[in-house]
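Chain A is the first sequence line, chain B the second, and so forth, proteins listed ahead of strands; every chain is numbered from 1.
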Number of protein chains: 2
Amino acid sequence: MTVKRNTWQKDAVKHALGEATGFVSAQELHLVLRNHGSTIGLATVYRALADLAGTGEADSLQSQEGELLYRACTTEHHHHLICKNCGKTVEIEANEVEKWAEKVAKHHGFREPSHTVEIFGLCGDC
Amino acid sequence: MTVKRNTWQKDAVKHALGEATGFVSAQELHLVLRNHGSTIGLATVYRALADLAGTGEADSLQSQEGELLYRACTTEHHHHLICKNCGKTVEIEANEVEKWAEKVAKHHGFREPSHTVEIFGLCGDC
DNA sequence: AGGCTTATTGATAATGAATGTCAATAACTT
DNA sequence: AAGTTATTGACATTCATTATCAATAAGCCT
């Protein structure tokens, strides 16, 4: 089995993601890192983010323009309220919706339900 | 102001979308039309679908791979339960969720809330 | 500490969806 | 029927993301 190795690149991505406010794209994160003097490659940023999303250390969603965005998060399942102007993000507890989604899926004979729930809007400052 | 004109191309797209089961991409729809002997252009399919989505005659969402998918629908706001294997789609009433989304948005001081809610799963046949 | 294995990197090419371009076409109006 | 112009479609372009692959370096072993 393949063993994971620790690299400064992975740390850099994880750290930069933690610093960012709201959701960021791989491209943006790559730019930020470069501007801070890093020589990290774009493909590496993509790979690191995919890994983080895989382990649950990062949360991913698609912007309304179709771009994949990432954000550092806790591993608990949750959803987001996102300002479509400034990108400010609020994590939302959505137990109601979780239960609703499962209920609806079961009711129609669907197994292994997953779901996407995102709320967009304009925050108070915009 | 620009006046809309009716063309067989727009009709073809609307009709093909009606025939399709579940969600289809612009690319797929273009292929289907071509295979049926149509000479319609790809860009035209994209434009027609965007129009239909704009008027509410078609519903659009992004697949989990990021592709934009379309589906003929009624103009009422609703959400979908989609089989991730065969693409079978069920329209869902989601009043609960509508209210929940508005409540949450308002609670955090967000205006003009919009939201995306899709449930994916495996249907009974898959 | 030095060597070895191989996971990882990064420059670059490749893919693929979606949009822009623009001359040619064809819907409407009168 | 003629004129205006919205629309078309072949093609080029953009842009995010993924694949390629030789070079590098992380972690293990002695």
Side-chain angles (χ1 to χ4, degrees), chain A residues 1-17 20 22-55 57-71 87 116 118, chain B residues 1-17 20 22-55 57-71 87 116 118:
Chain A
M1 190 168 65
T2 63
V3 180
K4 273 247 156 63
R5 291 178 184 176
N6 295 323
T7 65
W8 63 264
Q9 286 93 337
K10 289 176 185 170
D11 285 345
V13 170
K14 191 194 282 194
H15 186 256
L17 192 63
F23 283 84
V24 235
S25 69
Q27 304 272 355
E28 286 167 344
L29 216 52
H30 179 239
L31 262 183
V32 169
L33 286 163
R34 288 291 187 139
N35 290 340
H36 280 291
S38 173
T39 61
I40 194 170
L42 176 59
T44 304
V45 175
Y46 272 98
R47 285 186 284 238
L49 286 174
D51 278 358
L52 290 173
T55 62
E57 294 177 86
D59 214 18
S60 71
L61 66 82
Q62 294 195 350
S63 76
Q64 294 186 320
E65 289 78 40
E67 215 178 3
L68 253 179
L69 304 180
Y70 294 89
R71 182 173 194 276
T116 68
E118 309 295 344
Chain B
M1 188 168 67
T2 62
V3 179
K4 273 248 155 65
R5 292 179 184 176
N6 296 323
T7 63
W8 63 264
Q9 286 94 336
K10 288 176 187 171
D11 285 345
V13 170
K14 191 194 283 195
H15 186 256
L17 192 63
F23 283 85
V24 235
S25 69
Q27 304 272 355
E28 287 168 343
L29 216 53
H30 179 239
L31 262 183
V32 168
L33 286 164
R34 288 291 188 139
N35 290 339
H36 279 292
S38 174
T39 62
I40 195 170
L42 176 60
T44 304
V45 175
Y46 271 98
R47 285 186 285 241
L49 286 174
D51 279 359
L52 290 173
T55 63
E57 293 177 87
D59 213 19
S60 71
L61 67 82
Q62 295 194 352
S63 75
Q64 295 186 319
E65 288 79 39
E67 216 179 0
L68 254 181
L69 304 181
Y70 294 89
R71 181 172 195 275
T116 67
E118 310 294 345

Separation of [Y] [atom2] from [X] [atom1] (nearest 0.5 Å):
| X | Y | atom1 | atom2 | value |
| --- | --- | --- | --- | --- |
| A/Ser63 | A/Leu69 | OG | CG | 5.0 Å |
| A/Phe23 | A/Glu28 | CZ | CD | 12.0 Å |
| B/Leu49 | B/Glu57 | CG | CD | 11.5 Å |
| A/Leu29 | A/Arg34 | CG | CZ | 12.5 Å |

_Report for the helix from C/dA1-D/dT30 to C/dT30-D/dA1: angle between first-end and last-end helix axes, five pairs each, rounded to 10 degrees._
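If I round to tens, the end axes sit 40° apart.
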Nearest whole angstrom, please: distance from the [atom2] of [N] to the [atom1] of [X].
| X | N | atom1 | atom2 | answer |
| --- | --- | --- | --- | --- |
| B/Glu65 | D/dT18 | CD | P | 11 Å |
| A/Leu29 | D/dT17 | CG | P | 12 Å |
| A/Leu49 | C/dT8 | CG | P | 15 Å |
| A/Asp11 | C/dT9 | CG | P | 10 Å |
| A/Arg34 | C/dT9 | CZ | P | 14 Å |
| A/Lys14 | C/dT8 | NZ | C1' | 16 Å |
| B/Glu28 | C/dG16 | CD | C1' | 14 Å |

*Nucleotide by nucleotide, 5' to 3', does protein get under 4.0 Å of the base (B), only the sugar-phosphate (S), or neither (-) in nucleotides 24-30 of chain D, counting heavy atoms?*
-BBS---
*Heavy atoms under 4.0 Å is the rule here; annotate nucleotides 18-24 of chain C 5' to 3' with B where the base is hit, S where only the sugar-phosphate is, and - elsewhere.*
BBBB---
*Which heavy atom in A/Leu33 sits nearest to a heavy atom in A/Ala16, and how many Å separate them?*
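Looks like CD2-CB, 3.8 Å.
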*Would you name the heavy atoms of B/Val45 and B/His30 that are closest together and state the gap between them?*
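Closest approach of B/Val45 to B/His30, heavy atoms only: CG2-CD2, 3.9 Å.
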*Sequence neighbours left out, what passes side chain to side chain contact (heavy atoms under 4.5 Å, CB included) with B/Ala58? Give chain and number order.*
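Result, side chain to side chain contact (heavy atoms under 4.5 Å, CB included) vs B/Ala58: B/Leu17, B/Leu52.
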*Is there a donor-acceptor contact under 3.5 Å from the side chain of B/His15 to the main chain of B/Lys10?*
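Side chain of B/His15 to backbone of B/Lys10, a donor-acceptor pair under 3.5 Å: no, none is there.
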*Measure from the side-chain N and O atoms of A/Arg71 to the backbone N and O of A/Val24, and report whether any donor-acceptor pair falls under 3.5 Å.*
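A pair under 3.5 Å: no.
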_side chain to side chain donor-acceptor pair (under 3.5 Å) contacts touching residues 35-47 of chain B (sequence neighbours left out)_ =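 The answer is B/Gln27-B/Tyr46.
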*Could you pull out all residues at least two apart from B/Tyr70 that satisfy ring pair (Phe, Tyr, Trp, His ring centres under 6.0 Å)?*
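Checked B/Tyr70 against ring pair (Phe, Tyr, Trp, His ring centres under 6.0 Å); zero matches.
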